[in-house]
Amino acid sequence: MTAFTVALVLVVTAAGLLRWRRPAWYWLAFGVTLAALRVLVRYRSVMDACGLTVPPARWRLSLVRATNRPIPEPRPPRIRRLRPTRTGLVLRLKLRPGQDVFDIAAASDRLRHSFSMFGVTSREVRSGVVEVRMTGYDVLKRVQMPAETETRAMRVPVALREDGSVHYRDYRAIPHALTLGATESGKSVYQRNLVAGLAPLDVALVGIDCKQGVELFPLARRFSALADSPDTASELLDALVARMADVYRLIRTQQRITVDVPDAEIAADIWDLPDGLRPTPVVALVDEVAELALYATKEEERRRDRIITALVRLAQLGRAAGIYLEICGQRFGSELGKGITMLRAQLTGRTAHRLNDETSANMAFGDIAPDAVLAAIQIPADLRGLAIAGDASGGWHRIRAPHTSLRQAVNLCNRYADRTPDLPELAPFRPTTGTAIELVPSAKASSATA
């Protein structure tokens with residue numbers, strides 16, 4: 001008996017230490033079993049208390065009255081599958097007649113409390129079937145991406161969602177995106193994860209970094225073109241617009257519109273072309289869009305108008321030509337001038353890290369998900385990398401990208417440097433690598449040395 005007591009104390013102590021220091025290990029070792037039992041035992045009573053039951057059918061009531069039997073209890077949604085995951089449980093429910101998916105979503109907070117889980121989210125799989133994802137611990141506190149993720153052309157994993165699923169950046173589904181974040185909010189880390197995910201793919205990376213290239217130029221070996229000033233950015237964007245026109249001419253000549261060709265084989269974008277003729281897709285990353293929209297003189301104003309016009313053209317027409325935009329910035333508002341709201345309307349994907357003002361949050365989510373605006377401005381300053389991600393469908397999620405240092409991103413870009421395509425249109429903007437930059441000492445330092 002003493003040995004059993006000692007073993008029990010050791011197990012309880014180990015479970016407590018794991019829950020405190022390694023919640024993921026605790027969940028896999030102890031939490032998933034306890035949570036599954038808790039859900040199965042409490043399911044009927046919890047659903048009844050949350051108002052997620054329906055009375056029995058009329059024919060059953062008539063039958064029990066005729067046979068003088070007890071009246072059956074209200075029926076909760078039927079459990080079709082209970083699947084454990086590395087972060088929680090996935091419960092698939094078949095709704096009863098008269099129930100709606102919004103009933104489950106409205107009761108998610110009560111379900112979280114009743115089942116003693118960290119978070120509960122729901123989504124409709126198909127008509128009458130709802131998937132409830134429950135997380136056993138805070139997966140965004142220490143982000144650990146799964147070892148295996150779904151790979152697909154132009155689709156890269158960049159972050160982890162609060163329900164434990166992977167957040168992907170799918171350029172085929174969402175061609176253009178806007179990413180906002182204040183200083184030290186984690187926007188640069190999110191951008192590094194994006195570049196790291198694109199580096200192994202057959203894609204051309206184009207960067208515009210008006211901070212003299214301090215963010216993107218270390219990754220230059222994987223970039224086909226880079227610009228570090230608004231003047232160079234204007235010329236680079238004009239070259240992308242010219243490439244877009246050339247690609248459309250290629251698609252027009254290869255559409256194969258004949259009587260004997262099925263409609264499904266008629267080319268309308270680069271993905272309908274044969275592999276041998278398909279141009280390389282291009283992802284253009286703009287690190288600080290506000291620097292491209294600011295001006296102080298008439299000449300800078302004309303340059304600014306050319307830049308914004310080129311960005312709007314690429315956002316409106318670039319998808320079919322295989323040109324995708326990633327617009328990043330600390331601030332994004334209508335005060336940046338004409339054309340900004342038109343550009344915003346073409347950016348389907350929206351990601352907002354911690355913001356310093358509500359106006360930027362409204363620009364990010366005000367037109368697609370108003371309830372996400374409040375969530376974006378409530379992100380605490382001590383949680384770098386935490387962000388709100390949404391799209392034009394109105395849905396949004398809390399996400400957090402794993403920490404990727406600049407050295408890790410540079411090593412990954414150097415490893416896949418051989419995949420950097422050489423595009424003739426962008427040859428003048430191809431970055432030079434392997435050259436050392438000699439820093440000019442300041443006048444004060446020179447006089448002190450003398």
Side-chain angles (χ1 to χ4, degrees), residues 22-28 31-32 35-36 39 79-93 101-102 104-105 107-109 111-112 115-126 129-174 177 179 186 189-190 193-194 196-198 348-353 365 368-369 371-372 375-376 379 383-404:
R22 292 290 186 271
W25 295 2
Y26 167 79
W27 173 257
L28 294 176
V32 62
V39 169
I79 299 179
R80 301 191 65 175
R81 186 172 63 183
L82 178 62
R83 177 170 58 90
T85 65
R86 57 186 293 270
T87 59
L89 297 174
V90 177
L91 194 65
R92 184 162 292 191
L93 305 177
V101 62
F102 295 105
I104 304 295
S108 59
D109 196 54
L111 294 176
R112 175 188 63 84
F115 290 138
S116 301
M117 303 296 286
F118 184 82
V120 174
T121 59
S122 62
R123 70 180 183 92
E124 186 177 17
V125 178
R126 58 181 180 273
V129 179
V130 178
E131 185 178 83
V132 180
R133 299 186 68 94
M134 298 180 284
T135 52
Y137 59 97
D138 188 0
V139 298
L140 300 184
K141 184 177 182 180
R142 182 181 297 171
V143 178
Q144 295 179 345
M145 299 291 286
E148 296 183 0
T149 56
E150 298 180 7
T151 57
R152 195 186 305 169
M154 301 304 297
R155 184 172 184 258
V156 295
V158 292
L160 198 66
R161 292 181 178 178
E162 62 179 341
D163 60 0
S165 60
V166 179
H167 180 72
Y168 292 91
R169 178 68 177 94
D170 192 345
Y171 289 93
R172 297 285 297 275
I174 302 177
T179 302
V189 175
Y190 178 85
N193 279 276
L194 189 61
L198 291 170
T348 307
R350 311 287 175 83
T351 303
H353 296 74
F365 300 112
I368 60 172
D371 53 339
I379 297 177
L383 284 179
R384 293 185 185 179
L386 187 64
I388 307 298
D391 53 51
S393 65
W396 59 275
H397 308 272
R398 287 184 177 86
I399 65 170
R400 194 177 189 186
H403 179 71
T404 301

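Computed from a prediction, not measured in an experiment: that's the story for all the values here.
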With no hydrogens and no angle check, is any side-chain donor or acceptor of [X] less than 3.5 Å from a backbone partner on [Y]?
{"X": "Asn193", "Y": "Pro402", "result": "yes"}
{"X": "Arg155", "Y": "Arg172", "result": "no"}
{"X": "Tyr137", "Y": "Gly31", "result": "no"}

Q) Looking at Val120, Val39, Thr135, which one forms a side chain to side chain contact (heavy atoms under 4.5 Å, CB included) with Leu89? A)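 Of the listed residues Val120, Val39, Thr135, the side chain to side chain contact (heavy atoms under 4.5 Å, CB included) partner of Leu89 is Val39.
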
Test item: [X] and [Y] side chains (from C-beta on) under 4.5 Å apart, heavy atoms:
{"X": "Arg400", "Y": "His353", "result": "no"}
{"X": "Met134", "Y": "Leu111", "result": "no"}
{"X": "Arg398", "Y": "Leu140", "result": "yes"}
{"X": "Ile79", "Y": "Leu93", "result": "yes"}

Please give me the minimum heavy-atom distance between [X] and [Y], naming the atom from each residue.
{"X": "Pro146", "Y": "Val166", "answer": "CG-CG2, 3.5 Å"}
{"X": "Ile399", "Y": "Ala389", "answer": "CD1-CB, 3.7 Å"}
{"X": "Ala35", "Y": "Trp27", "answer": "CB-CH2, 3.5 Å"}
{"X": "Asp163", "Y": "Thr87", "answer": "O-OG1, 4.1 Å"}

Quick one: [atom1] on [X] to [atom2] on [Y], what's the gap to the nearest 0.5 Å?
{"X": "Arg83", "Y": "Arg92", "atom1": "CZ", "atom2": "CZ", "result": "7.5 Å"}
{"X": "Asp170", "Y": "Arg152", "atom1": "CG", "atom2": "CZ", "result": "6.0 Å"}
{"X": "Thr179", "Y": "Arg350", "atom1": "OG1", "atom2": "CZ", "result": "11.0 Å"}

(Q) If you count heavy atoms of other groups shown closer than 6.0 angstrom to CZ of Arg161, is the number above 12? (A)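 Yes, because the 6.0 Å sphere around CZ of Arg161 holds more than 12 heavy atoms from other groups.
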
(Q) List the residues meeting salt bridge (charged side-chain N to carboxylate O under 4.0 Å, His left out) with Arg86, not counting sequence neighbours, and say none if there are none. (A) none

**Q.** Sequence-distant partners of Ala372, side chain to side chain contact (heavy atoms under 4.5 Å, CB included), two or more places apart
**A.**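 Ala372 satisfies side chain to side chain contact (heavy atoms under 4.5 Å, CB included) with Phe365, Ala369, Ile388, Trp396 only.
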
**Q.** For Val130, all residues meeting side chain to side chain contact (heavy atoms under 4.5 Å, CB included), sequence neighbours excluded
**A.**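 Result, side chain to side chain contact (heavy atoms under 4.5 Å, CB included) vs Val130: Leu95, Val101, Ile104, Ser122, Val132.
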
